[in-house]
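Any value given below was found using the heavy atoms of this structure, including those in side chains, with hydrogens, waters and symmetry copies removed. This is a predicted model, so every value here is computed, not measured. So that the names make sense, note that chain A is the first sequence line, chain B the second, and so on, each numbered from 1.
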Amino acid sequence: MKELPKIYQPQEVENEIYARWEKSGFFNPDNLDAGESYCNILPPPNANGELHIGHASGYTVMDIFGRFNRMNGKKTLLLPGKDHAGIQTQVVFEKKIKADTGKTRQEIGREEFYKKTYEFCLDRANYMRNQEKKIGISADWSREKFTLDPDVLKNALETFVKMHGDGLIYKGKRIINWCPRCATALSDVEVLHKDTPGKLYFIKYPLENSAAFLTVATTRPETMLGDTAIAVNPKDQRFEKLVGKKVILPLQNTLIPIIADRRIDLTFGTGAVKITPAHDPLDWEIGRDHSLPEIQIINEQALITELGGKYAGLSTLEARQDILADLEKLGLLEKVEDLAHSVSICERCKTTIEPLTSEQWFINVQTLKQKAIEAIEKGELEIFPTNFKRILVDWFGNMRDWCISRQIWWGPQFPVWYCASCGQEKYTVSLEKPASCPHCGGKDLTQDENTFDTWFTSGQWVHTTLQARGDDFKTFYPTDMMITGRDLLFFWASKMIMMSLYATGQVPFKNLFFTGLVLDKEGHKFSKSRGNGIDPLTMIDKFGADALRMSLIMDSAPGQDSRLYEEKIETFRNFANKLWNISRYCLTQEGFELVEKISSADLKSATDHWIVAKLAETTAQVTKLFEAKQIAVAADLLKSFTWNEFADWYVEINKIEKNQKVLGYVLDKLLRLWHPFMPFITEHLWTLNGKEKMLLVSSWPKNLQLTSTTEVLNFETIQTCITTIRNVRAENKIELGKKITLTLNSTTEKALAIFKAPFQEEIIKRLKTGVAEINYNQPEVKLTTEVKRTIGELSLYLDLAGAIDPEKEKVKVEKEIANLENFIAGLSSRLENKEFVSKAPAQIIGQQKETLAKKQAELLQIKKQLELLA
RNA sequence: GGGUGAUUAGCUCAGUUGGCUAGAGCACUUCUCUUACAAAGAAGGGGUCACUGGUUCGAGUCCAGUAUCACCCACCA
């Protein structure tokens, strides 16, 4: 046998292992034995950068579930891909081009820009794919997709055509969120709100034919250029008589009406609101309901338009300064107050949003969202954590029509055609350019210049990727699992449910699992500006992929944020090393091999029974936790079995009392159980143990046999005995080199028989107890050089040869008696409580009675001990 | 303004349907280089489970309220 290094070196084996997995073809479900299917369409990361720790975290969870299901005999598909990520990629790539060539997108031209961005994305996708492999994701690369792949895209665009046919899509001039920097419309979810200190300006509007004024309050005085009314609440008695009258709009010198609308808050500002339908969402609605004219005074570059009179051409901010100065001169600026309010900004570039009316494409979401809510409420998909279900349902409830057109260049163009003679009013919806205009027969057709909202295509990702290939849709849809960050709940998860329900009539996935965000040690988000990023690749280099995976999923519940820092990854690197060394020990054993099955005849000792029982119990629990999606708890359980039971006890005892078959059996199961979490090291150890069939496709342990309870208890007695002795030594500060004598007394021979079984005495002597000699049933004497301890019906006497302090021992025993008496008092009063006895389940009562009896016996023994001390 | 989550050991966090004296890792203290592992082993100290009520035989766990923090949503002129 080749000498293995003392320390596990992941860097030297991980790449080779991944290559073997890929070569095996088992990432492709077509090569797995037919069976029930399991599918997780992986969320496509944006193909414009590199993998960050958030991706690594998500991939780890997906891969853990994927591998678990594959080992459970499911035809498992993890389908990878990349997203073209419209606005974000355009922002990133424009910056890059500017830096590389000094050119702007306009200088390059639309067609060329699109081509170059496409190449850029493919290049990034290629780069990111290699990063994804480093994490160990067992995805089927032969099915990898990009949102702009022709087959996927065509499918998504067909949905547009179908929706249009069903009257769910309309084109209209409505108020939308406009980002002046990105020069595009945005949907509601792409707008962030940032609390900002601002000013509230009180402006006097002169009443028509009167010397009186009506004062309104506004945070954006420049929009007054487009005012077409003043609104007050109909219940507001202050303005009752003014409704229906007119005011003169200062600076523009036009007459605008005073209207009443219940949406006006009586308590805010002056109670009178200027209405600018073209530049404020609420004003737009009020304007629509009162048939007010819309005057667009801000253009798409955030500059004042011709309609703004002398302010035309100024930026909104410059116009504000000038307008305030002019109002001041006219004596119409009553006062200015400080006001904290929230400003809308672009999610991608943080530029202040200008609400403006614009011709855009919308999806009417009324029935779509209703269907989504129904599906969720009927339980057609389960959501983890469960409380996200209500958040999602509430969000759908408030969802407004979805603006899907963008004016950026990077993204698929609308399959909509205009004819030169028909103009913009009559258009044709068709995937292919029509040969002639169906309205007038004209030949001069041009395509709509709008591009789609990224979430329109990625919202169809699940079914479009599966429909792109053979029977995949039939086999895998609806998919089993979708795992995504909780930050994508509204952007993406909601759209997928809605769009797939529409396109296929079924939910896209049966389980929707949200991961939390990965934060730094102080709880901050990772960000470039903060410079607190943890690069997954660097961490893999340093600690190994398995350690990184473990640190990303441990100590965290679904949907809950978690913190990541190097010390944490280090502890799992240490654990991987532990696993390595357990195996290394096993491999040095004569005739050792991994054992798939054992029979009860193979269990020779109490220790064997114990470890096999613990293994069976752990396996059952871990499996159950997997099904409940509680992988962190599962891994924790597995870790304590591996370390605290198998390594600390069974492996230690194996050095004395050997049963290589059981040792091989437990290691065999352990490698399987760990594989979903730590695929690299387990696969490597599997191979080192001479296995030819890959662990990747080996079966998950189930229905492991249970064993004799008596034997298990017997081992636990030995275990307690050893711990007790170690304890006494440490308390009395006796170094291990100093040998002591152990005397075991019991009234029943049965209790002593456990120790007299083969090897047991040696086990006690060699497991760090420093016991040199063991005697049985010696007459009881005064405790002068000895310490007495009790375990059930067993009494332990440890001759410490004068190394004890009888006074200290006495204090300790008295303290223990008090403690026990206290506990017994509590327990017995509970057992005397009639309510408890009549209402608690029998099992609990039985348990507590047992504990009471045990503790009472213990108390008796300890009291005797005190006598012996005195 | 509405909502969600968090609050458990010095730090980072688990705690699955309420059940026996509440757990882990790191850090800390003492000891040990014992042939798988010092990235280790043995032993230990450290917590009125944020607060106040309630439900219950029994609450870290369920309910109500309070406080602090974080995040999300919102048509706050």
Looking at A/Glu285 and A/Arg263, does any basic side-chain N land under 4.0 Å from a carboxylate oxygen? yes

Measure from NZ or CZ of A/Lys655 to the centre of the six-membered ring of A/Tyr585, then state whether that distance is under 6.0 Å and the direction lies within 45° of the axis. yes

With a 4.0 Å cutoff (strictly under), does any side-chain N or O of A/Lys525 reach OP1 or OP2 of B/C72? yes

Taking the inter-plane angle between the rings of A/Phe68 and A/Phe626 on a 0 to 90° scale, is it parallel (under 30°), tilted (30 to 60°) or perpendicular (over 60°)? parallel

By the 4.0 Å heavy-atom rule, please label A/Thr851 as base, sugar-phosphate, or nothing. base

Starting from the C-alpha separation in whole Å, work towards a yes-or-no answer on salt bridge (charged side-chain N to carboxylate O under 4.0 Å, His left out) for A/Glu821 and A/Lys855. CA-CA 9 Å; A/Glu821 279 176 338; A/Lys855 293 291 165 181; over 6 Å; no

Measure from CD1 on A/Ile582 to P on B/A39 and round the result to the nearest Å. 17 Å

Is the distance from OP1 or OP2 of B/G5 to the nearest side-chain N or O of A/Arg486 less than 4.0 Å? no

A/Glu222/A/Thr316 under side-chain hydrogen bond (donor to acceptor under 3.5 Å, both in side chains): CA gap, chis, key distance, verdict: CA-CA 7 Å; A/Glu222 65 278 12; A/Thr316 50; 4.9 Å; no

Taken to the nearest whole Å, CE/A/Met550 to P/B/A24 is 16 Å

With P as the reference atom in both, quote the distance from B/C49 to B/U32 in angstrom, rounded to an integer. 38 Å

Taking the C1' atom of each, how far is B/U17 from B/U21, in whole Å? 23 Å

Length of the CG-C1' vector between A/Asn387 and B/U4, whole Å: 7 Å

Check the pair A/Glu832, A/Arg830 against salt bridge (charged side-chain N to carboxylate O under 4.0 Å, His left out), reporting the backbone distance first and the verdict last. CA-CA 5 Å; A/Glu832 278 158 26; A/Arg830 186 178 311 157; over 6 Å; no

Could you tell me which residues satisfy salt bridge (Lys or Arg N to Asp or Glu O under 4.0 Å) with A/Lys834, sequence neighbours excluded, listed by chain and number? none

When you measure from the side-chain N and O atoms of A/Asn581 to the phosphate of B/A39, is any distance below 4.0 Å, counting only OP1 and OP2? no

Between B/A70 and B/U30, how far is it from one C1' atom to the other, in whole Å? 40 Å

Across the strands shown, which category fits A/Arg726 at heavy-atom distances under 4.0 angstrom: base, sugar-phosphate, nothing? sugar-phosphate

Checking all strands, does A/Pro385 fall into the base, sugar-phosphate, or nothing category for heavy-atom contacts under 4.0 angstrom? nothing

Positions of residues 643-653 of chain A (non-hydrogen atom under 4.0 Å from RNA chain B), listed by number: A/Trp643, A/Ala647, A/Asp648, A/Val651, A/Glu652

Kindly confirm or rule out a cation-pi arrangement of A/Lys369 over A/Phe396, judged by NZ or CZ under 6.0 Å from the six-membered ring centre and within 45° of its axis? no

Considering every strand and a 4.0 Å limit on heavy-atom distances, what is the contact class for A/Glu567: base, sugar-phosphate, or nothing? nothing

Quiz question: going by heavy-atom distance under 3.5 Å, is there a donor-acceptor pair between the base of B/U34 and the side chain of A/Lys768? yes

Output the rounded distance in Å from CD (A/Glu570) to C1' (B/A40). 14 Å

Where A/Pro221 and A/Arg320 come nearest, the two heavy atoms and their spacing: CG-CG, 3.7 Å

Taking the P atom in each of B/U66 and B/G5, what is the distance between them to the nearest angstrom? 16 Å

Give me the distance, rounded to whole Å, that separates B/G53 from B/A59 when you measure between the C1' atoms they each carry. 14 Å

Taken to the nearest whole Å, CD/A/Glu835 to C1'/B/G19 is 17 Å

May I ask you to verify if any side-chain N or O of A/Arg584 is less than 4.0 angstrom from the OP1 or OP2 atom of B/C37? yes

What's A/Lys839 touching, base or sugar-phosphate or nothing? Going by heavy atoms closer than 4.0 Å. base

Heavy atoms only, 4.0 Å cut-off, all strands: where does A/Lys655 land among base, sugar-phosphate and nothing? base

Mind telling me whether A/His684 and A/Tyr8 have parallel, tilted or perpendicular rings, with 30° and 60° as the class edges? tilted

Determine whether any donor atom in the side chain of A/Lys6 lies under 3.5 Å from an acceptor atom in the base of B/C37, or the reverse, and answer yes or no. no

What is the nucleic acid contact for A/Ala628, judged by heavy atoms within less than 4.0 Å: base, sugar-phosphate only, or nothing? nothing

In whole Å, what separates the C1' atom of B/C72 from that of B/U48? 34 Å

Distance check needed: B/C76 P versus A/Arg220 CZ, whole Å only. 14 Å

Could you check A/Asn398 against A/Asp265 and say which one's nearest nucleotide on RNA chain B is further toward the 5' end? A/Asn398

Strictly below 4.0 Å: does A/His524 bring a side-chain N or O up to OP1 or OP2 of B/A70? no

A/Gln560 side-chain N/O to B/U4 phosphate OP1/OP2 under 4.0 Å: no

In whole Å, measure the gap between the C1' atoms of B/U34 and B/U29 for me. 22 Å

Under the criteria of a ring-centre distance below 5.5 Å and an interplanar angle below 30°, is A/Phe823 stacked with the base of B/U21? yes

Mind checking the P distance from B/C26 to B/A36? Whole angstroms is fine. 23 Å

Need one value for A/Thr571: base, sugar-phosphate or nothing, where a base atom within 4.0 Å counts as base even if backbone is also close, heavy atoms only. sugar-phosphate

Students often get this wrong, so: under 4.0 angstrom with heavy atoms, is A/Ala231 touching a base, only sugar-phosphate, or nothing? nothing

Is the Lys NZ or Arg CZ of A/Lys6 less than 6.0 Å from the centre of A/Trp580's six-membered ring, within 45° of the axis? no

Give a yes or no on whether A/Gln11 atom CD has more than 12 heavy-atom contacts from other residues, nucleotides or ligands under 6.0 Å away. yes

Tell me whether the OP1 or OP2 atom of B/U34 has a side-chain N or O from A/Arg766 closer than 4.0 Å. no

Using a cut-off of less than 4.0 Å, is there contact between a side-chain N or O of A/Lys733 and OP1 or OP2 of B/G44? no

Pair A/Trp674 + A/Phe575: ring centers closer than 6.0 Å: yes

Please classify the nucleic acid contact of A/Arg263 as base, sugar-phosphate, or nothing, using heavy-atom distances under 4.0 Å. nothing

NA contact type, A/Ile264, heavy-atom cut-off 4.0 Å: base, sugar-phosphate, or nothing? base

What does A/Arg390 touch in the nucleic acid at a heavy-atom separation under 4.0 angstrom: a base, only the sugar-phosphate, or nothing? sugar-phosphate

Which ranges of RNA chain B pair up as stems, where a stem means three or more consecutive Watson-Crick or G-U pairs with both distances under 3.5 Å? B:1-7 with B:67-73, B:10-13 with B:23-26, B:28-32 with B:40-44, B:50-54 with B:62-66

NZ of A/Lys738 versus C1' of B/C31: gap in Å, rounded? 15 Å

Does A/His279 have its ring centroid less than 6.0 Å away from the ring centroid of A/Trp284? no

Which is true for A/Thr270 with a 4.0 Å heavy-atom rule: it touches a base, it touches only sugar-phosphate, or it touches nothing? nothing

A/Phe490 near the nucleic acid: base, sugar-phosphate alone, or nothing, with a heavy-atom cut-off under 4.0 Å? sugar-phosphate

